[in-house]
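What follows is a short report on a single structure.
Below, chain A is the first sequence line, B the second, and so on; all start at residue 1.
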Amino acid sequence: MSDEQKNTAPGGQPRQRMLNFHILRYNPQDPESKPHMQSYQLEETEGMTLFLALSEIREHQDPTLQYDFVCRAGICGSCSMLINGRPGLACRTLTHEMDADITLAPLPVFELIGDLSVNTGKWMHGMSERLETWVHTKEEEINLSKAEARMDPELAEQIYELDRCVECGSCVAACGTAQMRKDFVGAVGMNKLARFRLDPRDVRTDADFYELVGDDNGVFGCMSLLACHDICPKELPLQSQIAFLRRKMATIGN
Amino acid sequence: MSSETLIIQAGLSERPRKSRWPAKLDILQSVSGLLLALFMWGHMFFVATILLGYDTMWEVSRFFEGYYIFGKSHPWIVSIVVACVAVIFIVHAAMAVRKFPSNYRQLKVFRAHAKSMRHGDTTLWIWQVYTGFAMFFMASAHLYQMMVWPQNIGPFGSGDRMWSDGLWPFYLVMLLAVELHGGIGLYRLAVKWCWPNVSRTFLKNLKWAITAFFLILGFATLAAYMKVGYEHRLHYGEPYTPIWAEPHHAAVEGVTK
């Protein structure tokens with residue numbers, strides 16, 4: 001049999017790979033549930049993403065499978081999960097770039113809702129409140145009818161670059177420090193502060209930022225393992241932002 | 001009891017202003033690590049002078065004893081230098097241990113994380129922890145030995161230590177631990193502070209090249225001392241003195257002249 005015949009189904013259509021999904025299942029709401037791996041087989045289709053594969057599995061094989069998604073286009077960050085042990089977005093991961101055996105697990109650190117679904121929102125909200133990730137203006141200056149001050153386009157671009165973070169939680173799940181120390185702010189938190197530090201509308205000084213991240217749960221807890229930088233689905237410049245923040249905070253503290 | 005103690009005990013020491021200590025300790029960890037790494041580079045070059053001959057190594061060891069300044073050896077000078085290195089070492093160990101996994105659960109979680117992440121820098125950190133842990137004991141023992149018996153540093157003294165005292169396996173393990181730890185540490189410093197601002201791939205390649213260089217130099221040096229020690233085993237404890245530096249040689253030369 002020739003190679004062409006081997007790769008072709010009887011109808012003349014190209015034969016698709018069978019993918020073997022091994023998914024970590026666990027329902028924390030069910031006292032009987034124990035963490036275990038469950039396998040599913042699925043025929044690969046052209047342009048299939050992990051999100052599409054999971055939808056197929058839930059639609060046709062197992063309606064109890066839990067996972068998150070919203071945008072399906074790498075914008076919302078909801079479908080972040082451990083893909084073969086590394087955090088990534090299911091909707092942006094093409095199956096044809098992977099081996100036929102695919103292991104999926106929920107992100108660590110975050111509260112588990114069930115199977116692949118985690119409550120990143122709760123964690124991000126806590127981080128946001130703790131680091132006060134909003135523009136701090138002088139109260140007397142708030143005047144909604146006044147036109148906003150113009151911003152240099154280059155600066156706006158720099159802020160926008162950091163603002164592209166979708167809070168998917170991949171950087172936190174990839175962080176060695178966050179695995180060991182649950183109160184660590186993670187790269188997402190430090191990136192947020194770097195963003196507000198750039199913003200001319202934010203009146204906070206470096207001394208104010210030190211109050212938020214100047215400790216071992218903040219920037220000084222970062223051990224520079226940089227998995228956050230390497231796996232960020234939005235390819236944010238996390239290494240340089242964390243290093244910059246570290247230098248600034250170290251200057252304040254010395 | 002002081003009011004300060006009570007305030008710390010009540011968990012109110014960070015009110016109203018956050019402590020500046022974490023920043024100072026972070027700098028201290030980096031600076032002490034940098035100093036130790038640079039010292040280890042120099043140290044390796046000094047001990048490797050045995051590869052250039054007994055006399056060169058003897059001259060270098062006498063140099064550090066002030067022989068060429070005072071006209072006579074003062075091993076206590078070496079003791080003082082070693083004591084300074086020991087202080088930096090203890091400071092660095094105290095700073096670095098803050099980052100270690102503090103219980104078995106943390107270690108287990110981190111190991112599983114590193115295994116599944118298959119991420120080079122994360123794996124390297126585990127090695128930094130292991131090698132750092134090994135050096136708590138090995139470097140302490142070595143520093144103590146050098147501080148208390150500095151006069152034994154020399155071609156025969158060091159050779160005897162490797163062979164007749166049977167310490168070569170200790171030095172072999174310590175060599176691996178030091179070079180791996182120092183190399184990874186310097187790389188980590190560069191990426192942590194983003195200086196120099198060059199690509200991580202370049203920095204990592206540079207790191208491995210430096211580690212390989214010092215390991216090869218270290219293995220060659222260790223082998224040389226073992227050879228010296230083996231050949232000197234029947235005269236264990238006798239120090240080396242170059243012929244030209246022996247008192248009777250100088251006297252004979254004087255008579256001849």
Side-chain angles (χ1 to χ4, degrees), chain A residues 24 82-88 103 105 107-109 170 172-182 184 206-231 237-254, chain B residues 13-31 95-96 98-126 128-129 184-185 187-197 199-201 203-204:
Chain A
L24 180 55
L82 289 184
I83 302 162
N84 290 336
R86 294 165 68 104
T103 306
L107 290 187
V109 182
S170 293
V172 178
C175 173
T177 307
Q179 309 297 313
M180 295 193 290
R181 309 185 210 289
K182 298 297 174 199
F184 183 56
D206 280 345
D208 296 324
F209 289 122
Y210 187 93
E211 294 300 313
L212 303 169
V213 282
D215 58 23
D216 288 338
N217 284 326
V219 73
F220 301 124
C222 170
M223 303 193 294
S224 308
L225 309 187
L226 298 177
C228 56
H229 180 98
D230 294 337
I231 57 87
L238 296 173
Q239 183 201 351
S240 57
Q241 294 311 310
I242 296 171
F244 182 74
L245 195 62
R246 184 177 222 123
R247 293 202 297 266
K248 291 293 168 197
M249 295 301 103
T251 310
I252 290 292
N254 280 279
Chain B
S13 58
E14 302 268 302
R15 308 285 173 85
R17 204 182 78 145
K18 208 182 247 317
S19 166
R20 265 45 181 167
W21 274 105
K24 295 186 204 308
L25 299 182
D26 196 54
I27 298 264
L28 201 54
Q29 181 177 348
S30 291
V31 171
M95 294 303 103
R98 300 173 307 144
K99 309 287 177 185
F100 275 37
S102 58
N103 53 47
Y104 179 65
R105 192 200 69 82
Q106 287 189 354
L107 177 68
K108 196 170 78 165
V109 166
F110 193 95
R111 282 171 60 165
H113 170 72
K115 194 176 168 192
S116 83
M117 278 292 290
R118 305 178 309 284
H119 178 253
D121 285 19
T122 303
T123 307
L124 283 180
W125 188 77
I126 290 237
Q128 228 177 341
V129 169
I184 299 167
Y187 164 75
R188 193 83 68 202
L189 272 186
V191 297
K192 180 181 275 187
W193 299 97
C194 247
W195 188 90
N197 209 355
S199 87
R200 270 166 68 206
T201 313
L203 284 173
K204 207 180 275 184

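- Of all non-hydrogen atoms in A/Leu225 and B/His119, the two that sit nearest each other are O-CE1, 3.0 Å.
- Between B/Lys192 atom NZ and A/Ile242 atom CD1 the span is 11.5 Å, to the nearest 0.5 Å.
- With a 4.5 angstrom heavy-atom cutoff, B/Tyr187 does not touch chain A via any of its atoms.
- In this structure, the portion of A/Ala173 lying under 4.5 Å from any heavy atom of chain B is its backbone and not its side chain.
- Per-residue counts of heavy-atom pairs under 4.5 Å with chain B were compared for A/Gly176, A/Gly218, A/Ser240; the largest is that of A/Gly176.
- Side-chain atoms of A/Arg247 come within 3.5 Å of backbone atoms of B/Trp193 as a donor-acceptor pair (strictly under, hydrogens ignored).
- The number of heavy atoms from other shown groups lying within 6.0 Å of CZ (B/Arg98) is above 12.
- With rounding to the nearest 0.5 angstrom, the CZ atom of A/Arg246 is 4.0 Å from the CG atom of B/Asp26.
- Judged by distance alone, the side chain of B/Arg118 and the main-chain N or O of A/Gly85 form no donor-acceptor pair under 3.5 Å.
- Between chain B and the residues A/Ala250, A/Ala207, A/Ala243, the largest count of heavy-atom pairs under 4.5 Å involves A/Ala243.
- A/Phe209 CZ to B/Lys18 NZ: the interatomic distance, rounded to the nearest 0.5 Å, is 14.5 Å.
- Heavy atoms of B/Ser19 lying under 4.5 Å from chain A belong exclusively to its backbone.
- In terms of heavy-atom proximity, A/Phe220 sits nearest to B/Lys99 at O-NZ, 2.5 Å.
- Atom NZ of B/Lys108 and atom CE of A/Met180 lie 15.0 Å apart (nearest 0.5 Å).
- Taking OG1 of B/Thr122 as the start and CE of A/Met223 as the end, the distance is 8.5 Å to the nearest 0.5 Å.
- If you take OG1 on A/Thr177 and NE2 on B/His113, they are separated by 8.5 Å, rounding to the nearest 0.5 Å.
- A pairwise comparison of heavy atoms in A/Tyr210 and B/Trp21 identifies OH-N, 4.3 Å as the closest pair.
- A/Leu212 touches chain B through its backbone: at least one of N, CA, C or O sits under 4.5 Å from a heavy atom, while the side chain does not.
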